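FYI, the numbering just counts along the sequence from 1. Predicted model only: the values in this text are computed from it and were never measured.
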Amino acid sequence: MDSFSLEVVYRKQSYTAQGLRSDTTVAQLRQAIEELTYVAADKQKLLVPRTAGVADLNHGADERTLGDVGLASKAETKVTVLGPSSSELEALYSAEADMQRRNAPRQYHPSLLRGAKLRNTTQPGSSHSPFGKIYAHATTPESSPLHGKVVDYLTRLSRDPGILHICALNHFRVGALTELLPWEHPGLLGLNENAGQRILLRIRTDDAEGFRDYKTTRRVLVHELAHNKVADHPPEFKILNSKLNAQIEEYERAQRDGTHRLVEGDVYEPSPPTISGGGQRLGGGSGAESESAEERRQRVLMATMRRLEREEHEIEQSCGSATTKSNNSS
């Protein structure tokens, strides 16, 4: 039986699957493609031009032969592959595993807990999440391997400490958090319905098989939360959105510095040491001329707002401003 080759295209790069025969199964073709592109066989979506007259190749563990589906006699047909590479999946799984480890309860040796007393460290109202129902798109059944990953991604957003922080400060509530598929509203990254009744986020890549960068999606969520209070994109919306991003930035910086606080206010900061015998603080300025804690805070805040302004402009281009009450943003 004569062998033939097929051209495989993945992300605009061409590969050649060689040594194929008419009795080669589609499953074996997927395995060959995995070796060429590093896209796992079960994560591949294979596309051929409709005009080629080839049967649908996407049926899971497919034991049909290339002759059965019509590829054996059309070796010149290009097969386009969609799907995340193994390295991308590994990076996603690794990031999720790191997040789970960081959020896991701390374990202490029993000897360290002797005499310890339980105390309530929760903030008022913190036991109630500002997010209501969280669910995947209706076209993604629970039996789909992607279903759990979608819910996990959305849940991670709903439990993000920075998001919870701004929700507490600004009294944000979201009735439902779900996903917006790439082909539903091309070009849009988010959608806010009825001032927070439901927020939809585009969390998947264009092929709907992978996931977008988490921090980018979180910025989109912040943008959509701002629409809970201000519809469209007037100047007051931009001010609010910049304020929310600055609040997250300040909160996370305080977390890194070990000065966590849930509500805004002054935080004690010791004065810089002085040189013995003189009236000059380290750094050269006198006490009256040096920056106060509040001045430093405001300076860092303004720098943060300028940095986030450019990123927010890009997000705004993918947010279809609503003109009706039922759709406050996109």
For [Y], does its backbone N or O pair with a side-chain atom of [X] as donor and acceptor, under 3.5 Å?
X: D232; Y: P234; answer: no
X: N194; Y: Q197; answer: no
X: N192; Y: E224; answer: yes
X: N228; Y: R173; answer: yes
X: Y135; Y: A176; answer: no
X: T140; Y: A136; answer: no
X: T65; Y: T25; answer: no
X: Y153; Y: R204; answer: no
X: T24; Y: L20; answer: no
X: E193; Y: I199; answer: no

Legend entry - Reference residue I203; test side chain to side chain contact (heavy atoms under 4.5 Å, CB included); the match among K149, R212, E179, H137: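 Result for side chain to side chain contact (heavy atoms under 4.5 Å, CB included) with I203: E179.
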Inset, instruction - For N58 and R30, test the side chains for any donor-to-acceptor distance below 3.5 angstrom and give the result as yes or no. - result: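 Their side chains do contain a donor-acceptor pair, which is all the 3.5 Å distance test asks for.
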Inset, instruction - Indicate whether any N or O donor in one side chain lies under 3.5 Å from an N or O acceptor in the other, for Q247 and N170. - result: yes
Approximate separation, where rounding is to 0.5 Å, of [X] [atom1] and [Y] [atom2]:
X: Y251; Y: E249; atom1: OH; atom2: CD; result: 13.5 Å
X: L29; Y: L71; atom1: CG; atom2: CG; result: 7.0 Å
X: K43; Y: T37; atom1: NZ; atom2: OG1; result: 13.0 Å
X: L6; Y: I33; atom1: CG; atom2: CD1; result: 8.0 Å

Inset, instruction - Could you walk me through whether D213 and K215 pass the salt bridge (Lys or Arg N to Asp or Glu O under 4.0 Å) test, one step at a time? - result: CA-CA 6 Å; D213 174 69; K215 286 194 174 182; over 6 Å; no
Inset, instruction - Please lay out, stage by stage, how R218 and D160 fare under the test salt bridge (Lys or Arg N to Asp or Glu O under 4.0 Å). - result: CA-CA 9 Å; R218 189 179 73 161; D160 187 287; 3.0 Å; yes
Inset, instruction - Carefully, step by step, assess V48 and K78 under the rule side-chain contact (heavy atoms from CB on, under 4.5 Å). - result: CA-CA 6 Å; V48 294; K78 292 183 181 180; over 6 Å; no
Note, [X] side chain near [Y] side chain (heavy atom, < 4.5 Å):
X: T217; Y: L157; result: yes
X: L164; Y: P130; result: yes
X: L46; Y: T80; result: no
X: K133; Y: R198; result: no

Legend entry - side-chain contact (heavy atoms from CB on, under 4.5 Å) between L240 and K229, worked out: CA-CA 9 Å; L240 173 60; K229 291 189 175 182; 3.9 Å; yes
Inset, instruction - Measure from NZ or CZ of R156 to the centre of the six-membered ring of Y214, then state whether that distance is under 6.0 Å and the direction lies within 45° of the axis. - result: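 Relative to the ring axis of Y214, which defines the angle, R156 lies inside both limits.
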Legend entry - Within the 6.0 Å centroid threshold, strictly below: F237 and H223: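 Yes, ring centres under 6.0 Å apart.
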Inset, instruction - Test side chain to side chain donor-acceptor pair (under 3.5 Å) on S5 and Q18 and set out the steps. - result: CA-CA 4 Å; S5 301; Q18 300 177 336; 4.8 Å; no
